[in-house]
Amino acid sequence: MTAFAADRAGAGARHGRPEQTAVPLSALKTRIDHELGVFARDETALLEAIDPELKPLGDQLRSIVSRGKRLRAAFCYWGWRAAGRDDGDDVVRAAAAMELVHAAAVVHDDIIDHSPVRHGLPTAHLALAPPRKEWPNGPGRAAAGRALALLTGDLLISWAGQLFTDCGLPSGYLNRARPLWATLARELVAGECLEVLRTRPGADGAADPRDSLQIVRYKTAKYTVEHPLHIGALLGGAPPALLATFTAYGVPLGEAFQLRDDLLGVFGTPGATGKSNLDDIDGARPTVLLALMKQLASDGERRELREVLERRSGAQRLDRFRELAERTGARREVEDLIAARAESAAEVVDAALTAGRLAPHVATALHELARHCLARAA
């Protein structure tokens, strides 16, 4: 028996429970919510104890941490389980740290994009703007809100490392995964920077969907699926073959997740998505949908698209953008990209199950997670 196999075999006995047990995703989300709620409560109490004036920051931090589908934590958890490890509160806490990375990225992303709404609530940089009765309602107040939100995002990143380090797993386990945190941060920031650098107003200029897909891969796909799976698997001492399986599954699924999100951003309803349909249009963000619209449009359609992107008002603006996305075939192309990536991810799981690299209950969980990622309205 190899050292890895022996370590796996002893995992269930050490926890005092059967090794191969399934955990429903809804139950896992409840546990992740609980761990994050306790952590945020304790940490914001310490923050607010410094000075009562910091209470709005504490309120905002608790609100931010309370939201989310918990997909990243779930992928991390199932990376651990795929390595043959049993369930435990310590690994749930480690997995929950992934959600704090996501929370920080969302806060910073909303500042960069000037987004006004997230989950149906004012974004952090608006919520943290000082009260009008205390500050003049002008650039100074808005700048203060952005500064406080930026610092809030920085604190969330710090919290992620703190929760991961203090999760209760042995330091030897944590050390296996620690180097991947640097990779996660580097690639996430690279994706954000590429989006900023490639955002161009208007409909002119070359548009290569491959450039947009690169942004998708590094800004979202890897830190949403691949990296959490790898971190969980490394915590459990998984072999390289399992990590390769998770890359082959995680990258296409993560890309499909963001492509679906881009479509929902335009074609979804604000009541379901919790944000404005005009966010990507106002910012002329280099989504794959927009790149394909530019690429597939006729000269006349490109003139229409330019007018839609350059206007900042008009009741029919969203309807015209949607109609152009349909008429050019760009929406259908994005749907095809999503379907191909979803099929690729599913095939990887099935092949790994057949080859014995994944246990049946892990394969079932990964398929269910993929459905959660893609069959959604928000």
Side-chain angles (χ1 to χ4, degrees), residues 33 36-37 39-70 72 96-163 184-186 188-197 199 215 219-220 223-224 258 261 265 270 273-280 282-285 378:
D33 286 342
L36 288 170
F39 181 84
R41 179 199 66 200
D42 293 347
E43 287 300 314
T44 53
L46 293 172
L47 177 70
E48 293 168 14
I50 295 173
D51 193 288
E53 197 171 357
L54 297 172
K55 188 177 186 305
L57 274 76
D59 292 340
Q60 186 64 22
L61 282 159
R62 287 187 292 272
S63 176
I64 291 168
V65 171
S66 71
R67 311 169 200 160
K69 293 175 283 291
R70 310 312 191 196
R72 292 157 185 84
M98 300 293 100
E99 296 299 321
L100 296 176
V101 174
H102 176 55
V106 164
V107 170
H108 288 157
D109 203 43
D110 286 341
I111 297 170
I112 294 168
D113 294 338
H114 306 286
S115 298
V117 178
R118 174 77 66 165
H119 295 292
L121 298 170
T123 45
H125 59 280
L126 296 181
L128 288 170
R132 287 184 174 85
K133 63 182 180 181
E134 299 175 12
W135 283 63
N137 188 21
R141 180 174 174 270
R146 289 192 298 272
L148 292 170
L150 177 64
L151 295 167
T152 296
D154 292 346
L155 183 56
L156 285 163
I157 285 286
S158 175
W159 279 6
Q162 179 183 339
L163 181 57
L184 184 155
R186 178 172 58 251
L188 172 57
V189 169
E192 287 278 7
C193 290
L194 287 173
E195 183 177 63
V196 171
L197 292 168
T199 296
I215 295 169
K219 181 185 173 184
T220 302
Y223 102 93
T224 297
Q258 183 57 46
D261 194 69
T273 64
K275 54 187 178 182
S276 170
N277 291 118
L278 291 171
D279 273 1
D280 288 348
D282 284 340
R285 292 174 197 149

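FYI, the numbering just counts along the sequence from 1.
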Quiz item: Once the angle between the rings of H102 and Y223 is folded into 0 to 90°, is it parallel (under 30°), tilted (30 to 60°) or perpendicular (over 60°)?
Solution: tilted

Quiz item: Do P270 and N277 come within less than 4.5 Å of each other through their side chains, counting heavy atoms only?
Solution: yes

Quiz item: Mind checking whether H119 and K275 have side chains closer than 4.5 Å, heavy atoms only?
Solution: no

Practice problem: Could you go through the side chain to side chain contact (heavy atoms under 4.5 Å, CB included) check for L61 and L47 one step at a time? | Solution: CA-CA 10 Å; L61 282 159; L47 177 70; 3.9 Å; yes

Rounded to the nearest 0.5 Å, how far does [atom2] of [Y] lie from [atom1] of [X]?
X	Y	atom1	atom2	result
T224	L188	OG1	CG	8.5 Å
T152	H108	OG1	NE2	8.5 Å
C193	I112	SG	CD1	7.5 Å

Quiz item: Among all residues two or more places apart in sequence or in another chain, which pass the side chain to side chain contact (heavy atoms under 4.5 Å, CB included) test with A104?
Solution: L156, I157

Quiz prompt | side chain to side chain contact (heavy atoms under 4.5 Å, CB included) involving S276 - partner list, sequence neighbours excluded | solution =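 In terms of side chain to side chain contact (heavy atoms under 4.5 Å, CB included), with neighbours along the sequence ignored, S276 is linked to L278, D279.
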
Quiz item: Does any pair with a residue in residues 105-123 pass salt bridge (Lys or Arg N to Asp or Glu O under 4.0 Å), and if so which ones, sequence neighbours excluded?
Solution: D109-K219, D110-R118, D113-R285

Which atom pair, heavy atoms only, marks the closest approach of [X] to [Y]?
X	Y	result
E99	L36	CB-CD1, 3.8 Å
P122	A127	O-CB, 4.2 Å
G283	T199	O-CG2, 3.2 Å
I111	R146	CD1-O, 3.9 Å
V65	A40	CG1-CB, 4.0 Å
A97	A160	CB-O, 3.4 Å

Quiz item: H125 side chain to S115 main-chain N or O, any donor-acceptor pair under 3.5 Å?
Solution: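 Judged by distance alone, yes, a pair lies under 3.5 Å.
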
Practice problem: Output all residues satisfying side chain to side chain donor-acceptor pair (under 3.5 Å) with S63, sequence neighbours left out; order by chain, then residue number. | Solution: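 R67.
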
Please set out all donor-acceptor pairs under 3.5 angstrom arising from side-chain atoms of residues 53-60, sequence neighbours excluded.
{"residue": "K55", "atom": "NZ", "partner": "D59", "partner atom": "OD1", "Å": "3.0"}
{"residue": "K55", "atom": "NZ", "partner": "D59", "partner atom": "OD2", "Å": "3.0"}
{"residue": "D59", "atom": "OD1", "partner": "R62", "partner atom": "NH2", "Å": "2.5"}

Exercise. Let me know which of I64, L163, L155 forms a side-chain contact (heavy atoms from CB on, under 4.5 Å) with L100.
Key: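 Between L100 and the candidates, side-chain contact (heavy atoms from CB on, under 4.5 Å) is satisfied uniquely by L163.
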
Self-check item: Results of salt bridge (Lys or Arg N to Asp or Glu O under 4.0 Å) for R72 - residues two or more places apart only
Solution: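 Result, salt bridge (Lys or Arg N to Asp or Glu O under 4.0 Å) vs R72: none returned.
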
